[in-house]
Amino acid sequence: MKQYLFSFETDHPKRLTWKETILAGGMMEAFLKAKQLVKQYAQEKGGLIRVEYIGVRYLNN
């Protein structure tokens, strides 16, 4: 498993920015999980959510 790092940001006057680590086997799986998180956060926070891919961390298991 790899840890894919994403940054999320709301598009409100009071901008919220946070980072999420997504465990996934590959890049496509990570992006699909990030897309699901965007939908979830958009419903919770009400508004547009911007996503930025930061990078990947490899785990030594």
Side-chain angles (χ1 to χ4, degrees):
M1 284 295 219
K2 300 172 194 160
Q3 293 179 345
Y4 291 88
L5 306 169
F6 290 90
S7 174
F8 294 85
E9 181 178 327
T10 62
D11 197 24
H12 293 291
K14 293 182 180 179
R15 290 189 179 213
L16 295 172
T17 303
W18 66 97
K19 295 180 182 177
E20 293 277 343
T21 302
I22 299 174
L23 291 174
M27 185 70 78
M28 280 303 294
E29 181 183 355
F31 280 112
L32 290 174
K33 287 181 178 182
K35 188 176 179 180
Q36 290 173 347
L37 285 174
V38 167
K39 287 181 184 179
Q40 177 185 342
Y41 291 145
Q43 289 176 351
E44 289 176 7
K45 300 188 185 313
L48 289 174
I49 306 289
R50 293 186 187 147
V51 181
E52 181 180 350
Y53 171 72
I54 297 173
V56 63
R57 276 191 288 203
Y58 296 90
L59 299 175
N60 294 329
N61 290 340

| query | CD of E20 to CD1 of I54: how many Å apart, nearest 0.5 Å? | reply | 10.5 Å
| note | d(K19 NZ, L5 CG) to nearest 0.5 Å is 8.0 Å
| request: Can you sort out the partners of F8 under ring-ring contact (aromatic ring centres under 6.0 Å, His included), two or more places apart, ordered by chain and number? | output: W18, Y41
| task | Test F6 against every option in T21, I22, V38 by the side-chain contact (heavy atoms from CB on, under 4.5 Å) rule and name the one that passes. | result | I22
I'd like a table of donor-acceptor pairs (distance under 3.5 Å, sequence neighbours excluded) in which one partner is a side-chain atom from residues 42-53, with atom names and distances.
residue	atom	partner	partner atom	Å
E44	OE2	Q40	NE2	3.2
R50	NH2	D11	OD1	3.3

Side-chain donor-acceptor pairs under 3.5 Å in residues 27-36, sequence neighbours left out?
residue	atom	partner	partner atom	Å
E29	OE1	G25	N	2.9
E29	OE2	K33	NZ	3.3
K33	NZ	L23	O	2.8

